[in-house]
Structures are given as structure tokens and as C-alpha cells.
Amino acid sequence: MGQTAIDSLGWIPCLVLTIFLDPVIQGVNRILRGKLIIGILWIITGGVFGIGWFIDIITMLISKDIVLLA
């Protein structure tokens, strides 16, 4: 799938957005990537009750990209 606006940001801004606004930012990012159900679930549940938020931060630190359900 094509690159979204969030994907075109640098690694540090993406990490900061992930730490502070993960459920909203990454939920929208997942919707834009074509994962509508996962994106809505991400926004409503706060990153799957914080577990997904924590995993997103770890994957951003390790691989510099969101890989779980993205």
C-alpha cells in the first residue's frame, strides 16, 4: 500500500507521536493503510487497552517502524 503522511515523518517525530498520542495517531494511520476495523478498534480501546501502545513503542525503538497490525 502507499505511503501515508505519518510514514513520511522522520523517526523521532513518529516516536514522540507514538509515545504521547498512539491510540489516535496510529489508529488513523492503520485506517489510512486500509485496516479499517483494526484502526477503529485501536482508537476506541486506547491501543487495545495499552498493550498495543506499549508494543508500538517497543517496535518503534527497535525497528523504527510500526509493524504490529499495521
Side-chain angles (χ1 to χ4, degrees):
M1 177 129 310
Q3 197 175 28
T4 63
I6 295 169
D7 295 330
S8 65
L9 290 174
W11 177 72
I12 297 296
C14 280
L15 179 63
V16 171
L17 286 173
T18 299
I19 290 170
F20 293 108
L21 299 171
D22 181 71
V24 174
I25 297 295
Q26 295 303 332
V28 170
N29 191 24
R30 284 170 170 86
I31 291 170
L32 292 174
R33 289 184 179 192
K35 310 266 182 161
L36 180 65
I37 302 299
I38 296 297
I40 292 171
L41 180 70
W42 213 261
I43 292 170
I44 291 173
T45 63
V48 190
F49 308 111
I51 297 167
W53 171 76
F54 183 71
I55 292 171
D56 279 353
I57 291 172
I58 298 300
T59 57
M60 279 294 293
L61 290 171
I62 293 172
S63 67
K64 296 183 174 51
D65 190 22
I66 299 294
V67 293
L68 178 71
L69 300 173

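None of the values given here were measured: they were computed from a predicted structure. This chain uses plain numbering: 1 for the first residue, then up along the sequence.
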## Note on the structure
Interatomic distance, CG@L61 vs CD1@I58, rounded to 0.5 Å, equals 6.0 Å
### Task
Please list, chain by chain and in numerical order, all residues satisfying side chain to side chain contact (heavy atoms under 4.5 Å, CB included) with L41, sequence neighbours excluded.
T45
## Note on the structure
Distance col, row N29:CG vs L17:CG, nearest 0.5 angstrom, shows 10.5 Å
### Query
Is the shortest heavy-atom distance from the side chain of M60 to the side chain of W11 under 4.5 Å?
yes
### Message
Just verifying a value: how many Å separate I19 CD1 and D56 CG, rounded to the nearest 0.5 Å?
### Response
11.0 Å
### Message
Can you confirm whether more than 12 heavy atoms, excluding those of I37, are under 6.0 Å from its CD1 atom?
### Response
no
#### Entry: Sub-4.5 Å side-chain heavy-atom contact between T18 and I25
no
#### Entry: Trace of the side chain to side chain contact (heavy atoms under 4.5 Å, CB included) decision for I43 with I31
CA-CA 10 Å; I43 292 170; I31 291 170; 4.1 Å; yes
### Task
Answer yes or no: is there a side-chain heavy-atom contact under 4.5 Å between D22 and W42?
yes
### Query
Quick one: CZ on R30 to CG on L36, what's the gap to the nearest 0.5 Å?
13.5 Å
### Task
Establish whether W53 and V24 are linked, either directly or via other cluster members, by ILVMFWY side-chain heavy-atom contacts under 4.5 Å.
no
### Query
In Å, rounded to the nearest 0.5 Å, how long is the span from CD1 of I57 to CG of L15?
7.5 Å
### Task
Calculate, to the nearest 0.5 Å, the distance between atoms CD1 and CZ belonging to I44 and F49 respectively.
10.0 Å
